[in-house]
Amino acid sequence: MKETPCHVSRDEALIFERSRPGRTAYSVPPLDVPTVPLETWIEARFLRTEPVAGMPEVSEVDVVRHFTRLSRWNYAVDVGLYPLGSCTMKYNPKMNERVARLEGFAFHHPLTPEELSQGSLEVLKTLEELLCEITGMAAGCLQPAAGAHGELTGLLLIRACLEARGDARRKVLIPDSAHGTNPASAAICGYSVQTIPSNERGLIDLDALRRAADRDLAALMLTNPNTLGLFEEEIEEIVRIVHEAGGLVYMDGANMNALVGIARPGDMGVDVIHLNIHKTFSTPHGGGGPGAGPVLVTAELEPFLPVPRIVRRHDGRLALDYDRPHSIGRVRAFYGNFGVLVRGLSYILTMGPEGLREVAETAVLNANYLAHHLKDTYEIAYPGPVMHEVVFSDKRQRAYGVRNVDIAKRLIDYGFHPPTMSFPLIVPGALMVEPTETECREELDLFIAAMKAIDRECRENPELVRTAPHRTRLGRLDEVAAARHPVLRWRPEDSRARSAASPESAEKERVASPEP
Amino acid sequence: MRYIPNAPEERAEMLREIGCPTVEHLFRPIPERFRLREPLRLPPARSEAEVLAFSRELAARNAAATEYALFLGAGAYHHFIPSVVEALISRAEFTTVYTPYQPEIAQGTLQALFEYQTLICQLTGMEVANASLYDGSTALAEAVLMAERVTRRREILLADSVHPEYREVIRTYTRALGVNIRRLEYDPETGGIAQRGLAPSAETAALVVQSPNFFGVIEDIEALAERAHEVGALLIVVITEPISLGLIRPPGELGADIVVGEGQSFGIPLSFGGPSLGIFATRERFVRQMPGRIVGQAFDSQGRRGFVMTLATREQYIRREKATSNICTSQELCAIMAAIYLSTMGPRGLREVAEQNAQKAAYLAREISRQSGFRLRFSGSHFNEFVVQSERPVELVLDRLRERKILGGLPLGPYYPELRDCFLVCVTEMITRSMMETYLHVLDEL
């Protein structure tokens, strides 16, 4: 297939390459105090002699066009279906942005005295209470800035709790279908990691769990529903095994979108859970953050939560309580990603209890709808009743020399963001699809049609799929070469080399790729 | 529900199509006894107008910098944010995307992050930077963990003049790993690191200092680097106020091995302390020990330049428990905000803003110390923050200022008992001369 340009094809240079000495985009009011020679305030040897070298000198128009053009090279949720499994890429309500930008929030300094911070403290306290109700836990901390940060916090809490019981333990069990952050978090907390295999149904192998649940077991880190999109039906037994061995159950709440309003981890005996506010409670993921990863715990673990705790005084005023002798300490300066938490609160207040239940119902229905319509086309390794996501594999398409990565890249040509790939690790050639509740039926039907068309192409013209994408500004990028000779920043000589090498070919490129 | 597009009839049709009698049936893997019989006890759903009104009412209970003159710094700074920053960062093509796992349709995020990494290298004088960590405090904790990996040593020398909350985060992060933390005292005269006690040993993984430090005093990075390197330790420098880099020589030029910082000053609103931006930069030879996501240049088959996430073999999704960190989601959008801010300011704008901060702080410090009963506590070089020692009770002084809608500074007693008669004052370009005159007038009246 010939290259069919349909994106903005301008070869937008780096901002540094746009720099022209003397251009300015900034304005600063005139200095309104009498000046002194700077050297009387700062020793001369500490001062820069010249402005920062290499920083771009551009006009405001340059900045606006540059970043606007860059933005158009991104595929976003506001453009269409973004079915990245386990990432819960759902629509982000616009109202939440407006709320987070209210001046009383956006320009509120974190060290403002408590009595002048009652609004922000109320946001945090209210959200903490609502999340406790949603998860069925006793208390929580909103400091963690992301899911993995919540995992770290949760494991430190478990560690502190076990030490307080006089029973420090060293081992954390993690199913082989877990997110990569789980083992990494356990390692930072000084734990050794033991992998628990999944059984033939894609659920935790209970016998393996029983064998591993010895006197050294500190915690099981469980994602439920797991990354195959399956609910761990034996949750009660899993919890019983871990508790009887003297360990605690940590739940990775990344997949709460399937459970919210339907069932509560606290009722199932989970001891610690983190939530991803940016997933379940719908805040923009920002290209990889900021997120927020609050942890919620049982009453037994409450004393160990990070400081400060937000407490309600008898007169109803909120205060920051640092006097918590058993606390693990801070996991972050100040109180967390407040701006993200504000959005999460708005979302919960807008949805209400029935709305949250409808989220889970629709998310699960949408995933089952995709599974139903694609199961004859793409292999489903573990065909249990799925929750909010479904994992297909490339097993059938591999017969034609096409792998999951090719299918993913070809989906781009059809105008979709690809699913999560090569994950979970236990499914070779995985394509992990999570449609979320904010996709309407037509969008799902289009996706199904595209997936079926790609399957046909695999049989009729596999080369077309293997060399995709064809409709993007750039072809597949050589990531192996990029890692072998990493170029991690721009240097002035790079541009000179580039323009000296082939000014003509650069010009030709521009001509050859006109705008749509 | 307005965020859920399918109408009830469509839902019923879809259920029929997949052969599912009821929605409830979809949840059959969840044991019956765990399924909620009653709705969650949450407030009933509210309309957009109601939630907005509720939020406005809460926001109005805060003393925001739009209403109060803000002389508070200490790790969060009120700087002017050019309009282009919000306009550009609000674009849904930046906000509503995920981690750029598919580079062909994520070049916007990737190129912007590559530009951010470059800007951070230029500012800090370092060779490589990652595409952000959560905030300054966790970036510092990660730097300490990295220094351990690099040196295989178990002791750090941590300056008392590092932000107290940052020190707490380091303690939380390292406690489980049995790191030995030794204190580095500050010189009671200058406010910089005291020479006595500055005795790194062959066990020392890193010297950890902040500059400008928590008291606003600029440290002698060159001398500290020399002391650290003598014993094979690393020098970690944390910067909570990166606007200072417009004016002060960068730690990278002076021998620092890891430079971390809080990037909130670069176009990111205060937002009660978050989201903010963890800056992390180091030497090229340590790049494979660096935590977090890194973006690198790559080419497609036709030789066209693009950008990808690279050096992933350090990262948790590949290396699992052997990864350099557990970081996945961090603060990429904030990094892009910083890139937009810094592109807008350029080298001269950044310098001019930095100079204004220093000049205004110098002016207020001088005028305060002319008031009877007040003096500048430390004699070292400062940037935009300084410690005032008061003969009057600090609470009284700050209360009086508050009555005039001035948040006059941060009492230091809770952090440093020996400085209970002191408070930390910050002056940025947002402070006008008339705010300072009111401030001085209140002190004069005491």
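Labels below follow one simple rule: chain letters A, B, ... track the order of the sequence lines, proteins then strands, and each chain is numbered from 1. Bear in mind that the values here come from a model prediction, so they are computed numbers and not experimental data.
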Please flag which part of B/A312 lies under 4.5 Å from any non-hydrogen atom of chain A: side chain, backbone, both or neither.
-> neither
Assert top hit (heavy-atom pairs under 4.5 Å, partner chain A, pool B/E10, B/E93, B/R28, B/E115) equals B/E115
Heavy-atom proximity to chain A below 4.5 Å, by part of B/H382 | both
Ignoring hydrogens and geometry, is there a side-chain-to-backbone donor-acceptor pair from A/T112 to A/H108 under 3.5 Å?
-> no
How long is the gap from CH2 on A/W490 to CG on A/L14, to the nearest 0.5 Å?
-> 8.0 Å
Atom group of B/Y363 that falls short of 4.5 Å from chain A, counting heavy atoms | side chain
Closest approach of B/L119 to A/P56 (non-hydrogen atoms, all atoms of both residues) = CD2-CD, 3.7 Å
When only pairs under 4.5 Å are counted, which of B/G296, B/A298, B/P275, B/S132 shares the most heavy-atom pairs with chain A?
-> B/P275
Let me know if B/R319 has heavy atoms under 4.5 Å from chain A in its side chain, its backbone, both or neither.
-> neither
Cation-pi check, A/R332 to B/Y134: give yes when NZ or CZ is under 6.0 Å from the six-membered ring centre and within 45° of the ring axis, no otherwise.
-> no
Region of B/L145 that comes under 4.5 Å of a non-hydrogen atom in chain A = side chain
Non-hydrogen atoms of chain A under 4.5 Å away: do they reach the side chain of B/E17, the backbone, both or neither?
-> both
Looking only at B/P31, B/G246, B/A362, the option with the highest number of non-hydrogen pairs under 4.5 Å against chain A is B/A362
side-chain hydrogen bond (donor to acceptor under 3.5 Å, both in side chains) between A/S120 and B/N62, intermediate numbers included | CA-CA 7 Å; A/S120 292; B/N62 294 328; 2.8 Å; yes
Side chain, backbone, both or neither: which part of B/S301 has a heavy atom under 4.5 Å from chain A?
-> backbone
From the list B/R366, B/R35, B/R320, the residue making the most non-hydrogen contacts under 4.5 Å with chain A is B/R320
Relative to chain B, which segment of A/Y91 carries a heavy atom at a distance below 4.5 Å: side chain, backbone, both, or neither?
-> side chain
Measuring heavy-atom distances to chain B, does A/R357 have an atom under 4.5 Å in its side chain, in its backbone, in both, or in neither?
-> side chain
Portion of B/T310 that has a non-hydrogen atom of chain A nearer than 4.5 angstrom = side chain
Hey, are B/Q359 and A/T35 close enough side-chain-wise for a donor-acceptor pair under 3.5 Å?
-> no
For residues B/L245 and A/R48, determine if any side-chain heavy atom of one lies less than 4.5 Å from a side-chain heavy atom of the other.
-> yes
Between the side chain of A/R264 and the main-chain N/O of A/E133, is any donor-acceptor distance below 3.5 Å?
-> yes
Check whether A/F16 gets within reach of chain B through its side chain, its backbone, both or neither, counting any heavy atom under 4.5 Å.
-> side chain
Answer with side chain, backbone, both or neither: which region of A/E437 has an atom nearer than 4.5 Å to a non-hydrogen atom of chain B?
-> both
Proximity breakdown for B/R351 and chain A, heavy-atom pairs closer than 4.5 Å | side chain
Sort B/L177 into side chain, backbone, both or neither according to what part of it lies under 4.5 angstrom from a heavy atom of chain A.
-> side chain
Does any heavy atom of chain A fall under 4.5 Å from the side chain of B/Y166, the backbone, both, or neither of them?
-> side chain
The ring-ring contact (aromatic ring centres under 6.0 Å, His included) partner of B/F272 among A/F107, A/F334, A/F338 is A/F338
Should the ring pair A/H417 and A/Y82 be called parallel, tilted or perpendicular, given that the plane angle runs from 0 to 90° and is split at 30 and 60?
-> parallel
Turns out that what part of B/I294 lies under 4.5 Å from chain A's heavy atoms comes down to side chain
Residue selection (most heavy-atom pairs with chain A, distance under 4.5 Å) from B/R56, B/E262, B/R171 = B/R56
Turns out that what part of B/F54 lies under 4.5 Å from chain A's heavy atoms comes down to side chain
Only counting residues at least two apart or in another chain, list the ones meeting ring pair (Phe, Tyr, Trp, His ring centres under 6.0 Å) with A/H278.
-> A/H285
When the 4.5 angstrom heavy-atom criterion is applied to A/R101 and chain B, the contacting part is side chain
Answer with side chain, backbone, both or neither: which region of A/L488 has an atom nearer than 4.5 Å to a non-hydrogen atom of chain B?
-> both
Leading residue by heavy atom contact count with chain A [cutoff under 4.5 Å; candidates B/G19, B/A106, B/P39, B/A60] | B/A106
Name the region of A/K409, side chain, backbone, both or neither, that has any atom closer than 4.5 Å to a heavy atom of chain B.
-> side chain
Contact class of B/P44 relative to chain A, heavy atoms under 4.5 angstrom | backbone
A/L349 versus chain B, the contacting section by heavy-atom distance below 4.5 Å | both
What are the two closest non-hydrogen atoms of A/M89 and B/V97, and how far apart are they?
-> CE-C, 3.6 Å
Under 3.5 Å, side chain of A/N74 to main-chain N/O of B/G108, donor-acceptor pair present?
-> yes
Basic-acidic side-chain contact under 4.0 Å: B/R293, B/E332 | yes
The side chain to side chain contact (heavy atoms under 4.5 Å, CB included) partner of A/L477 among B/Q107, B/R304, B/Q297 is B/Q107
Examine the side chains of B/Q102 and A/Y75 and answer whether a donor and an acceptor come within less than 3.5 Å of each other.
-> no
